[in-house]
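Let me begin by presenting the structure, written as structure tokens, before commenting on it.
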Amino acid sequence: QVQLVESGGGVVQAGGSLSLSCAGSGSTFRSYAVAWFRQAPGREREFVASINWNGGRIYYTDSVKGRFTISRDNAKNTVYLQMNSLKPEDTAVYSCAGDPRGTIYSGNYYYIETYEYDYWGQGTQVTVSP
């Protein structure tokens with residue numbers, strides 16, 4: 001069973017940057033697809049970005065395109081989320097999730113629902129002040 005641990009959250013002013021990390025345990029993590037989700041107070045958890053097992057396929061939700069970058073280093077069993085030009089509306093708890101299928105899509109459909117991911121980290125708080 002894979003365990004995921006997020007780190008890198010914090011408080012930043014609008015326009016600033018933060019880099020989140022998702023460290024996975026076990027050698028099988030490098031074969032997993034990984035997604036970042038976020039949940040703001042009083043709102044549903046929402047998809048942010050995903051990356052397939054080898055980094056060859058990436059997908060973003062529209063609101064973060066051009067500002068966030070997802071990447072992975074399988075030698076370090078770590079997936080990253082670089083967040084630039086942060087906005088107050090990016091404030092949320094960010095969680096990473098793993099899918100042993102290794103892929104982030106099927107046909108024309110991308111996996112963006114929480115139930116499509118089997119393993120979850122505990123989350124890290126990101127707060128963007130105006």
Side-chain angles (χ1 to χ4, degrees):
Q1 184 171 346
V2 170
Q3 293 185 326
L4 308 179
V5 179
E6 302 94 339
S7 61
V11 180
V12 64
Q13 288 189 326
S17 299
L18 280 175
S19 181
L20 305 183
S21 298
C22 172
S25 64
S27 59
T28 57
F29 178 73
R30 61 196 62 178
S31 69
Y32 280 43
V34 174
W36 286 95
F37 287 79
R38 65 186 179 186
Q39 187 168 21
R43 300 190 64 176
E44 296 287 322
R45 184 175 286 179
E46 66 171 353
F47 171 85
V48 176
S50 59
I51 188 167
N52 76 331
W53 71 276
N54 66 357
R57 195 86 177 195
I58 288 172
Y59 186 66
Y60 299 98
T61 193
D62 286 346
S63 62
V64 308
K65 284 180 182 177
R67 300 189 299 123
F68 290 12
T69 302
I70 189 171
S71 62
R72 69 189 301 159
D73 185 341
N74 281 345
K76 297 182 179 179
N77 272 11
T78 302
V79 172
Y80 305 96
L81 185 67
Q82 176 66 40
M83 305 185 295
N84 299 327
S85 302
L86 282 161
K87 305 175 181 179
E89 51 264 43
D90 293 319
T91 295
V93 175
Y94 284 70
S95 300
C96 62
D99 181 355
R101 291 176 295 182
T103 183
I104 62 172
Y105 73 103
S106 176
N108 293 324
Y109 175 76
Y110 281 87
Y111 303 134
I112 62 171
E113 301 295 339
T114 56
Y115 65 80
E116 291 167 328
Y117 292 85
D118 297 323
Y119 301 99
W120 290 80
Q122 82 290 349
T124 185
Q125 177 70 47
V126 171
T127 301
V128 184
S129 60

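- Taking the six-membered ring where tryptophan is involved, the planes of Phe68 and Tyr94 are tilted, since the angle between them lies from 30° to 60°.
- Considering CG of Asn54 and OG of Ser31, their distance stands at 11.0 Å, rounded to 0.5 Å.
- At a threshold of 4.0 Å, the pair Lys65-Asp62 counts as salt-bridged, since one of the basic side-chain nitrogens sits closer than that to a carboxylate oxygen.
- Here the side chain of Glu46 pairs no donor or acceptor atom with the backbone of Arg38 at under 3.5 angstrom.
- Between Ile112 and Tyr59 the shortest heavy-atom distance is CG2-CE2, 3.8 Å.
- A side-chain donor-acceptor contact under 3.5 Å links Asn74 to the backbone of Trp53.
- When all heavy atoms of Thr91 and Ala40 are compared, the pair lying nearest together is O-CB, 3.6 Å.
- Looking only at side-chain heavy atoms (C-beta outward), Tyr60 and Arg67 stay at 4.5 Å or farther from each other.
- Between Arg45 and Trp120, some side-chain heavy-atom pair lies under the 4.5 Å cut-off.
- Looking at Glu6, its side chain never comes within 3.5 Å of a backbone N or O of Leu20 through a donor-acceptor pair.
- For Gln122, the CD atom sits in a packed shell: over 12 heavy atoms of surrounding residues, nucleotides or ligands are nearer than 6.0 Å.
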Mind running side-chain contact (heavy atoms from CB on, under 4.5 Å) on Met83 and Asp90 for me, showing each step along the way?
CA-CA 9 Å; Met83 305 185 295; Asp90 293 319; over 6 Å; no
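- Of all non-hydrogen atoms in Gly98 and Leu4, the two that sit nearest each other are N-CD1, 3.6 Å.
- If you take SG on Cys96 and CD1 on Ile70, they are separated by 9.0 Å, rounding to the nearest 0.5 Å.
- Using cut-offs of 30° and 60° on the angle between ring planes, the pair Tyr119 and Tyr32 is tilted.
- Between the CD atom in Gln125 and the CD atom in Gln39 there is a gap of 10.5 Å [rounded to 0.5 Å].
- By the neighbour-count criterion of 12 heavy atoms within 6.0 Å, atom CD of Glu44 is sparsely surrounded, having that number or fewer from other residues, nucleotides or ligands.
- Inter-residue side-chain proximity for Glu116 and Tyr109 is flagged as met; some heavy-atom pair is nearer than 4.5 Å.
- For the pair Thr103/Tyr111, a side-chain contact is recorded, criterion being any heavy-atom separation below 4.5 Å from C-beta on.
- Residues Val79 and Trp36 share a closest heavy-atom pair of CG1-NE1, 3.8 Å.
- Of the inter-residue distances, the one linking Ile58 atom CD1 with Ile104 atom CD1 reads 7.5 Å to the nearest 0.5 angstrom.
- Proximity of Val2 to Thr28: side-chain heavy atoms (C-beta onward) are separated by under 4.5 Å at one or more points.
- If you take CD on Glu89 and OG on Ser63, they are separated by 8.5 Å, rounding to the nearest 0.5 Å.
- Listed for the Arg72 side chain is a donor-acceptor partner under 3.5 Å among the backbone atoms of Asn52.
- When all heavy atoms of Pro88 and Ala14 are compared, the closest pair comes out as CD-CB, 4.1 Å.
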Determine whether Phe47 and Tyr110 satisfy the following criterion, ring pair (Phe, Tyr, Trp, His ring centres under 6.0 Å), listing intermediate values before the conclusion.
CA-CA 11 Å; Phe47 171 85; Tyr110 281 87; 8.4 Å; no
